[in-house]
Amino acid sequence: MTSPDSSVDFDLTRVFDAPRALVFKTMTETEHLRNWWGPQGCAIEVISHEARPGGVFHYCMRFGPGVEMYGRFDYREIAAPGRLVFVNGFADAEGNRIAYAMSPTWPLEVLNTVTLTEADGKTTLTLVSTPLDASDVELETFKSGHASMQQGFGGMYDVYEQYLATVRAAQA
């Protein structure tokens with residue numbers, strides 16, 4: 001169940017200088033995800049990754065010695081090359097969903113829909129994130145976190161854009 005209040009949704013759009021098939025590939029394959037996924041400045045360890053409906057992406061984000069957090073995607077839909085739907089949230093080392101320690105009222109699960117469209121060799125990514133089964137307090141926490149999410153996803157997609165350029169250069 002998602003929130004009936006669309007003002008809760010977080011929306012982000014980015015344009016990447018690469019064809020849609022390459023963007024899709026670098027957003028779904030393990031070898032690529034480990035190079036760009038996560039907040040800017042962290043190192044990602046892929047614990048497990050199955051890019052298929054029903055599959056899980058379990059990862060550890062390392063921010064420095066002894067500072068780590070785990071996350072988990074549950075893929076709902078993977079429709080190459082234009083659509084990804086997954087539920088994400090924080091996890092423990094074993095992959096179990098847990099509350100976000102730094103914000104205990106953050107929703108436990110967030111549904112993310114990524115749509116990729118291509119025009120003139122460039123790909124437009126549209127991300128819509130919606131809390132699942134969230135309480136009123138969790139919905140308000142999510143809404144108040146939109147600016148922070150804009151910065152967080154923005155930084156991550158900056159790293160992704162740089163990584164994507166290296167992939168394109170290697171293919172040239």
Side-chain angles (χ1 to χ4, degrees), residues 2 9-65 67-95 97 100 109-130 132 145-172:
T2 60
D9 291 353
F10 171 76
D11 300 288
L12 178 89
T13 301
R14 286 288 291 255
V15 177
F16 300 107
D17 187 15
R20 182 168 76 153
L22 181 61
V23 171
F24 188 86
K25 176 180 178 162
T26 55
M27 290 190 167
T28 57
E29 292 183 0
T30 306
E31 67 194 73
H32 297 294
L33 283 168
R34 70 171 36 104
N35 288 295
W36 68 269
W37 177 257
Q40 202 166 23
C42 80
I44 292 292
E45 175 192 349
V46 176
I47 298 166
S48 65
H49 184 238
E50 295 177 88
R52 62 171 177 76
V56 170
F57 173 29
H58 181 214
Y59 55 94
C60 178
M61 300 174 279
R62 291 200 169 85
F63 298 91
V67 181
E68 57 188 34
M69 281 191 277
Y70 294 86
R72 174 180 158 170
F73 287 11
D74 293 277
Y75 288 107
R76 287 194 172 175
E77 181 183 338
I78 297 180
R83 186 172 157 93
L84 287 170
V85 180
F86 58 93
V87 175
N88 78 326
F90 293 91
D92 62 18
E94 289 75 42
R97 287 264 187 248
Y100 179 35
E109 296 184 317
V110 177
L111 177 68
N112 296 276
T113 302
V114 174
T115 306
L116 303 172
T117 56
E118 184 177 343
D120 301 321
K122 295 183 185 238
T123 300
T124 299
L125 172 144
T126 304
L127 168 71
V128 178
S129 300
T130 306
L132 292 177
H146 283 191
S148 173
M149 291 169 66
Q150 190 76 36
Q151 284 185 317
F153 277 106
M156 179 183 75
Y157 285 128
D158 288 346
V159 170
Y160 173 70
E161 192 166 36
Q162 293 167 5
Y163 175 71
L164 188 59
T166 66
V167 172
R168 291 197 72 205
Q171 292 180 341

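Because the structure is a prediction, the values reported are computed rather than measured. Scope of the values below: all heavy atoms of this structure, side chains included, with no hydrogens, waters or symmetry mates. We number each residue from 1, following the sequence as shown.
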Just wondering, do [Y] and [X] contact through their side chains at under 4.5 Å, heavy atoms?
X: Leu111; Y: Val85; result: yes
X: Trp36; Y: Val159; result: yes
X: Asp11; Y: His146; result: no
X: Cys60; Y: Met69; result: no
X: Thr26; Y: Tyr160; result: yes
X: Val114; Y: Glu77; result: no
X: Met27; Y: Val23; result: yes

key: Ring geometry between Phe153 and Phe10 (parallel below 30°, tilted from 30 to 60°, perpendicular above 60°)   =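 Rings of Phe10 and Phe153: parallel, as their planes differ by under 30°.
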Any idea which heavy atoms bring [X] and [Y] closest together, and the distance?
X: Ala18; Y: Leu164; answer: CB-CD2, 3.6 Å
X: Thr115; Y: Arg83; answer: OG1-NH1, 4.5 Å
X: Glu161; Y: Val15; answer: OE2-O, 3.9 Å
X: Pro81; Y: Ala21; answer: CB-CA, 4.1 Å

message = I need the full list of side-chain hydrogen bond (donor to acceptor under 3.5 Å, both in side chains) pairs touching residues 56-65, with sequence neighbours left out, sorted by first then second residue.
response =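 Applying side-chain hydrogen bond (donor to acceptor under 3.5 Å, both in side chains) to every pair that reaches into residues 56-65, excluding sequence neighbours, yields Trp37-Tyr59, Glu45-Arg62, Arg62-Glu68.
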message = Per the side-chain hydrogen bond (donor to acceptor under 3.5 Å, both in side chains) rule, what does the pair list look like for residues 118-129, sequence neighbours excluded?
response =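 For residues 118-129: Asn112-Ser129.
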task = Show your working on side chain to side chain contact (heavy atoms under 4.5 Å, CB included) between Leu125 and Thr13 and close with a plain yes or no.
result = CA-CA 6 Å; Leu125 172 144; Thr13 301; over 6 Å; no
Can you measure from [atom1] ([X]) to [atom2] ([Y]) and round to the nearest 0.5 angstrom?
X: Thr130; Y: Asp9; atom1: OG1; atom2: CG; value: 3.5 Å
X: Arg14; Y: Leu12; atom1: CZ; atom2: CG; value: 7.0 Å
X: Asp92; Y: Tyr70; atom1: CG; atom2: OH; value: 8.5 Å

CA sep, side-chain torsions, deciding dist, call: Val46, Ile44, side chain to side chain contact (heavy atoms under 4.5 Å, CB included) = CA-CA 6 Å; Val46 176; Ile44 292 292; 4.2 Å; yes
inquiry  = Consider side-chain hydrogen bond (donor to acceptor under 3.5 Å, both in side chains). Of His49, Arg52, Glu50, which one does Tyr75 pass it with?
reply    =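 Answer after filtering His49, Arg52, Glu50: His49.
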Test: Asp17 and Arg168 ion pair at under 4.0 Å =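 Yes, this pair counts.
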ask   = Got a salt bridge between Asp74 and Arg76, using NZ or NE/NH1/NH2 to carboxylate O under 4.0 Å?
value =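 No, Asp74 and Arg76 are not salt-bridged.
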task = Let me see the working for Phe90 and Arg97 under side chain to side chain contact (heavy atoms under 4.5 Å, CB included), right down to the final yes or no.
result = CA-CA 6 Å; Phe90 293 91; Arg97 287 264 187 248; over 6 Å; no
inquiry  = Between Phe57 and Ile47, is the side chain to side chain contact (heavy atoms under 4.5 Å, CB included) condition met? List the steps.
reply    = CA-CA 8 Å; Phe57 173 29; Ile47 298 166; over 6 Å; no
task = Examine distances only and state if a side-chain atom of Arg72 and a backbone atom of Ala91 form a donor-acceptor pair shorter than 3.5 Å.
result =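 Not confirmed, Arg72 side chain does not pair with Ala91 backbone.
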key: ring pair (Phe, Tyr, Trp, His ring centres under 6.0 Å) partners of Phe86, counting only residues at least two apart   =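 Applying ring pair (Phe, Tyr, Trp, His ring centres under 6.0 Å) to Phe86 gives Phe73.
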